[in-house]
Structure formats: structure tokens, C-alpha cells
Asks: 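Mind having a look at this structure? Questions to follow.
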Amino acid sequence: MSNYKRIKGTKDIFGEEIDYWYYVENKAKEMLEKYGFREIRTPIIESEELFSRGVGQETDIVQKEMYTFEDKKGRILALRPEGTASVVRAYIENSMINFGSPQKFFYIGPMFRYEKPQSGRYREFYQIGAEIFGTDYPLADAELIDFLYEYFKTLKLTNFKIKINSIGTTKSREKYKKVLKEYYNPFLPILCEDCQRRYNANILRLLDCKIDKDVAANAPSILDYLDNESKEHFESLKKYLDVFEVPYEIDPKIVRGLDYYSKTAFEVEHLDLGEQAVIAGGGRYDDLVEQLGGPKTPAVGFAIGIERIIEALKKEHIEVENFSQIDVYIAYQGEQAELECIKLSKELRKYKIKTYLNLSKRNLSGQLKHANRLNAKLTIIMGEEEVVDDVVTVRNMETGEQTKVQRSWVTELVLEKLKEFS
RNA sequence: GUGGCUGUAGUUCAGUGGCAGAACGCCUGACUGUGACUCAGGAUGUCGUGGGUUCAAAUCCCACCAGCCACCCCA
């Protein structure tokens, strides 16, 4: 065994697993483009300050979960813990406001958070995110939620639900926090330890406490304390979602863990997952662009957790396409055949046929075994007999049926035979 | 950061103080130049790491590391 181990909370992704990744990522890209999003790739390292300012100095992400380090010049950098701040930075830095509004972006890539790993939670994890800049129109929020719904349906996921909420503007939220504190105050002595701590640190969190459920159930709802603007926005959002025919639940207990959210907040929860059941989450962040030094620009976005989606696909026993399956394995015996097979491999690959040319010295039996191992659809066999007759044998690895074909017709026959699979 | 369970071959695990094992997988070969069946042979381990107890430790004790799960938090 190697002395080197993968570091805690990280993963090697290969083999059959990679098919799930292709499935999730390819479908996402394809659909995001259909919705008019364009990809943006931002660096994985950013200045630490971008996140402490953007995500919020008081959040757990910034307080204890960031990978930060000094570079050789003493600059404080961080591995990105989330995608939005980077995209906002790029939007401002490249003056993208001049490209017309609204602007729609998506990204796919790894994020890093120093947390204790558990089911559905890694230190390096992948997100697919989307952001819309430059519109405060609730239709934008609705379209994002519609995307999530359509996307998960396209993946063939069924056992999930979409929850929406409005957490209002910063102002109205402060008002609500006061009301909540008043409500919780008399219960304080009987609340769990965590709730007592959170009472001052993050009062909104008391709402989704797993212990003091009863107290939370009767707590005043944030929806009753929204200012008119937020209320209207939320009403329109619901109206649009109905038009999109997206099923949703209103859950006033959804609070997001990042400071930048305002008005709309939403989560998609998968019912077969463990405690880390949120497969996507997002919301509106109308103040963030300005807060990071850009022009006042309203925005909405979401992030999807790829690992969690894959977990959900497995729980629902959804089969994914085998992207890496070999179409044709080329087995040969003898020097003459080898030379001919090298040429043949080039030919087949030109026709986009996934071709695996035998690369080792072993007998035919071993080569067939290897082909079987690779799950090849067809195997082309060329031995001394074939060389003499200028033919090759094409073997269907599922049925064992074999056909001899003139060397010059191989590609055509292979293309024909491959149609029987799929 | 806190807690519970678990670390032995590539994988799943047995071994509970006295020579490191099984099944599957892998490699080689046999059976008509032909895999998924059968048969024969072979390779693979610092028993998670470090310390301690003991004549003797995979086995007992301690610490650390890692995995899984839960809290916390989030995708």
C-alpha cells in the first residue's frame, strides 16, 4: 500500500462512478444552455477577503470552514468555499454590466470547506451553480426554480421537493428577529443547549432545531413580518411558479446559512438522503454586488451539490448511460496481424468508434478475457488465418455470434453491428 | 469542534496472545487460435500509524490518523 493517502474529506472519482458524473454534468450543461446561461470559469483561489466580505464575517463558512493560506508574498488567499462570491467578483472586475442586463452565468467546479466529513458532506465537493445578474424581477427567481425542477426531472429523479420562502430585506429581517427573540425569551431556560447558544448568535436557526420542535412550531412566521416590497415579490414568485407548473411548498423555516441572501430563499430536498438532504439551494442577493464594490445590481442564484445528486440517483436506482463503454476491442495474433490491426484501429477511431487496441503480449484467450472485462460490445479478431484470407472476424460479445468480413468492409460492418446495441 | 461505530490481500471479511487466512477478483496456463462455465498453477499484506505491556501482539493498553454515521453547519 502506498504511503500517500488521499486527504480527509476528498475523493478519487473513476470507473463506474465517472458515468454518474458525466450524466449529471452533461445534462446540466445542456439544459443550462437551453435556458440561456453561459459558462463562467473563475479561479479556485481568491483573496480571503472576498469571501469574508461576501459570504459574511459571521457565517460558519468564514468563521471556521475556510481553507486559507499565505502565498509567498504574504497575501492571504482562500480556496473558494462557494461559487457566488467569485462570480460576483468577476462580474464587477470585468465590468460585465456593460454587456447588457440581465446576465446569466453558470459554473461547475470544486468548492472547499474544512468540515468534518459525513454522509453527503466532503471537504472538496462539486457544485453546479447559476446566477442571474441585473434584474429584481421575480420571474428570474421563478425561472431558476423552474430550471431546478426540470433538471431533476430530466435526471429522472422523482423523490424530491422544492421549498420556498422569503426572508425579506435586511431591514424587515431585523424586525422579525426582534419579534422572534421576544417569543423565545420565556422558553429560554427549557431550550436545548444549542438553541441557548444560537439565541444570541443566530436566532433564525432556532426555527429548524431538531429538539425544540414544538416551540418552533408555534413561533411567529417570517412571512407575517415582510415589508410590502418583499411581500409583493413573494406573491409574484408564487404566481409565476404556478404558471411554470412547478410544484412547491412554502416553508417559513428556510433560512440560508450565507449572509448575502434577501427576499427569496429556496431549497430542494431529496427524501431518500440522510441528514444532508438538501441537493440544491439558493436565493436572491440584491445587495451583494454593491457590497463587493460594484454597481447596485440585483441578483439571484442557486447551487446544486453534485455528490448529493449522485447519491440520490443511486437511492432511486436510476441507471445512467455507460459513457465509457468500449465499442470494439481489437484482438490479434502474429506480427502481420498486429501491423494490420494498428491501421484498423486508426480507421475505426476516425468513425468515432470507441476502440481498444490490445496493447500486451498475450494469447487470444487472454485478450478475449480483457475485452470481456472492459465490457466491449464487439471484438475484432485477426489471426494468421484471417491475414491469409484478408478478412477479420467480428464477434458480438453479448451473443457470441461471429461474422467474417473482408478487410475493406470492416468499418461498415462494425457500424452496422453497433446499431444492435444501445 | 463534539460524540458513536469501524480500520487485516484489489474487494468482502474470518482470525481475540504463539508460523497471516478464506471467498471473490487479478495474472499465467489447459480444454477446438475465442471471454462471461470448468480445471491446474501463481502473485499480492510494514494486520491504519506510532508508542507501551509481554519471552511472544493483528489480538491487551494509550495516543494519533483515516473511513462511516450523528450533532453543528451546509451543496
Side-chain angles (χ1 to χ4, degrees), chain A residues 1-11 15 24 55 58-65 80-84 108-129 148 192-195 197-198 201-202 205 208-211 254-258 266-270 273-282 301-312 329 331-334 337 360-388 393-402:
Chain A
M1 202 180 294
S2 158
N3 291 320
Y4 301 105
K5 287 184 174 170
R6 111 183 76 89
I7 65 164
K8 189 172 179 159
T10 65
K11 232 174 145 176
V24 169
V55 178
E58 298 310 314
T59 60
D60 278 12
I61 292 177
V62 168
Q63 288 275 307
K64 46 190 198 192
E65 296 173 5
R80 63 181 182 196
E82 59 104 46
T84 302
I108 298 180
M111 307 296 161
F112 303 84
R113 290 182 203 170
Y114 191 88
E115 294 184 273
K116 194 146 175 186
Q118 71 180 72
S119 160
R121 197 169 72 186
Y122 304 92
R123 289 189 172 175
E124 182 185 24
F125 61 99
Y126 281 73
Q127 288 188 336
I128 301 170
L148 289 172
C192 72
E193 253 177 67
D194 280 325
C195 282
R197 180 179 53 79
R198 282 179 296 204
N202 192 350
R205 281 272 157 225
D208 59 9
C209 176
K210 280 154 195 155
I211 300 161
I254 290 180
V255 197
R256 311 249 56 231
L258 293 77
F266 54 87
E267 287 182 355
V268 183
E269 197 177 296
H270 195 276
L273 260 31
E275 285 307 315
Q276 314 298 326
V278 176
I279 54 178
F302 67 66
I304 300 170
I306 297 187
E307 290 85 351
R308 290 185 187 178
I309 299 281
I310 291 173
E311 203 48 43
Y329 186 98
Y332 53 84
Q333 214 137 46
S360 52
K361 264 211 173 342
R362 55 176 148 197
N363 61 21
L364 191 57
S365 172
Q367 295 183 52
L368 262 294
K369 202 170 181 184
H370 191 210
N372 187 53
R373 184 71 194 186
L374 292 170
N375 199 17
K377 294 171 183 167
L378 304 174
T379 296
I380 282 176
I381 301 166
M382 195 173 207
E384 272 129 38
E385 286 174 25
E386 283 88 350
V387 171
V388 173
T393 300
V394 178
R395 180 181 178 86
N396 181 320
M397 295 301 280
E398 239 167 57
T399 62
E401 172 210 5
Q402 296 196 163

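Here is how names work: the chains are called A, B, and so on, in the same order as the sequence lines, proteins then strands, and each is numbered from 1.
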Asks: Look for any protein N or O under 3.5 Å of an N or O in nucleotides 66-68 of chain B and output each such pair with its distance, or none.
Replies:
| unit_1 | atom_1 | unit_2 | atom_2 | d |
| --- | --- | --- | --- | --- |
| A66(B) | OP2 | Lys8(A) | NZ | 3.4 |
| G67(B) | OP1 | Gly9(A) | N | 2.9 |

Asks: Look at all strands and tell whether Ile306(A) reaches a base, only sugar-phosphate, or nothing, counting heavy atoms closer than 4.0 Å.
Replies: nothing

Asks: Using a heavy-atom cut-off of under 4.0 Å over every strand shown, decide if Ala371(A) touches base, sugar-phosphate, or nothing.
Replies: nothing

Asks: Under 3.5 Å for both donor-acceptor distances, Watson-Crick or wobble: does C71(B) have a partner, and if so which one?
Replies: G1(B)

Asks: Using only side-chain N and O atoms of Arg256(A), determine if any of them is under 4.0 Å from OP1 or OP2 of A75(B).
Replies: yes

Asks: From CG of Asp208(A) over to P of C71(B), roughly how many Å is that when rounded to an integer?
Replies: 11 Å

Asks: Could you tell me how far apart Glu193(A) (CD) and A70(B) (C1') are, to the nearest whole angstrom?
Replies: 16 Å

Asks: Of Val268(A) and Lys361(A), whose closest RNA chain B nucleotide lies nearer the 5' terminus?
Replies: Lys361(A)

Asks: Under 3.5 Å for both donor-acceptor distances, Watson-Crick or wobble: does U34(B) have a partner, and if so which one?
Replies: none

Asks: Between N or O atoms, less than 3.5 Å apart, protein on one side and nucleotides 35-40 of chain B on the other: list the pairs.
Replies:
| unit_1 | atom_1 | unit_2 | atom_2 | d |
| --- | --- | --- | --- | --- |
| G35(B) | OP1 | Ser365(A) | OG | 3.0 |
| G35(B) | O4' | Lys369(A) | N | 3.4 |
| G35(B) | O2' | Asn372(A) | ND2 | 3.2 |
| G35(B) | N7 | Arg395(A) | NH2 | 2.8 |
| G35(B) | O6 | Arg395(A) | NE | 3.4 |
| G35(B) | O6 | Arg395(A) | NH2 | 2.7 |
| G35(B) | N1 | Met397(A) | O | 2.5 |
| G35(B) | N2 | Asn372(A) | OD1 | 2.8 |
| G35(B) | N2 | Met397(A) | O | 2.7 |
| G35(B) | N3 | Asn372(A) | OD1 | 3.1 |
| A36(B) | O4' | Asn372(A) | ND2 | 3.0 |

Asks: Quick one: is Arg121(A) getting a side-chain N or O under 4.0 Å of the C69(B) phosphate, OP1 or OP2?
Replies: no

Asks: Ile381(A) has an atom CD1; how far is it from atom C1' of G33(B), in whole Å?
Replies: 9 Å

Asks: Counting only Watson-Crick pairs (N1-N3 plus N6-O4 or O6-N4) and G-U wobbles (N1-O2, O6-N3), all under 3.5 Å, who is the partner of C39(B)?
Replies: G29(B)

Asks: Name the residue closer to the 5' end of RNA chain B, choosing between Cys209(A) and Gly120(A) according to the nucleotide with the nearest heavy atom.
Replies: Cys209(A)

Asks: Do the charged groups of Arg256(A) and Glu267(A) touch, with an N to O distance under 4.0 Å?
Replies: yes

Asks: Find the distance Glu384(A):CD to U34(B):P and express it as a whole number of Å.
Replies: 13 Å

Asks: Could you tell me how far apart Asp194(A) (CG) and C71(B) (C1') are, to the nearest whole angstrom?
Replies: 7 Å

Asks: Taking syn as a glycosidic torsion within 90° of 0 and anything else as anti, which one is U16(B)?
Replies: syn

Asks: What contact category does Gln276(A) fall into here, base, sugar-phosphate, or nothing, at under 4.0 angstrom with non-hydrogen atoms?
Replies: base

Asks: Check every atom of C71(B), C73(B), A75(B) against the side chain of Val278(A) and return the nucleotide holding the closest atom.
Replies: A75(B)

Asks: Can you tell me, in whole Å, how much space there is between the C1' of U53(B) and that of C60(B)?
Replies: 8 Å

Asks: For Ile108(A), which of Ile304(A), Ile128(A), Val24(A) qualifies under side chain to side chain contact (heavy atoms under 4.5 Å, CB included)?
Replies: Ile128(A)

Asks: Using whole Å, report how far CD of Glu124(A) lies from C1' of A75(B).
Replies: 14 Å

Asks: Please name the nucleotide paired to U44(B) by Watson-Crick or G-U wobble geometry with both distances under 3.5 Å, or report none.
Replies: none

Asks: Using a 4.0 Å heavy-atom cut-off, does Gly383(A) contact any base of the nucleic acid, only the sugar-phosphate backbone, or nothing at all?
Replies: base

Asks: Write down the distance between CG (Asn375(A)) and C1' (G25(B)), rounded to a whole number of angstrom.
Replies: 16 Å

Asks: For residues 118-125 of chain A, run the donor-acceptor check on the side chains, cut-off 3.5 Å, and write out each pair with its distance to 0.1 Å, sequence neighbours left out.
Replies:
| unit_1 | atom_1 | unit_2 | atom_2 | d |
| --- | --- | --- | --- | --- |
| Gln118(A) | OE1 | Arg121(A) | NH2 | 3.4 |
| Arg121(A) | NE | Lys116(A) | O | 3.1 |
| Arg121(A) | NH2 | Lys116(A) | O | 2.6 |
| Arg123(A) | NE | Glu115(A) | O | 2.7 |
| Arg123(A) | NH2 | Glu115(A) | O | 3.3 |

Asks: Under 3.5 Å for both donor-acceptor distances, Watson-Crick or wobble: does U59(B) have a partner, and if so which one?
Replies: none

Asks: OP1, OP2 of G29(B) versus side-chain N and O of Asn363(A): anything below 4.0 Å?
Replies: yes

Asks: Please report the distance separating the C1' of C61(B) from the corresponding atom of A9(B), rounded so that it comes out in whole Å.
Replies: 28 Å

Asks: Does the side-chain ring of Tyr126(A) lie flat on the base of A75(B), meaning centres under 5.5 Å and planes less than 30 degrees apart?
Replies: no

Asks: I need the CG-C1' distance between Asp60(A) and C72(B), as an integer number of Å.
Replies: 7 Å

Asks: Hey, does the side chain of Arg197(A) reach the backbone of Asn202(A) with a donor-acceptor pair shorter than 3.5 angstrom?
Replies: no

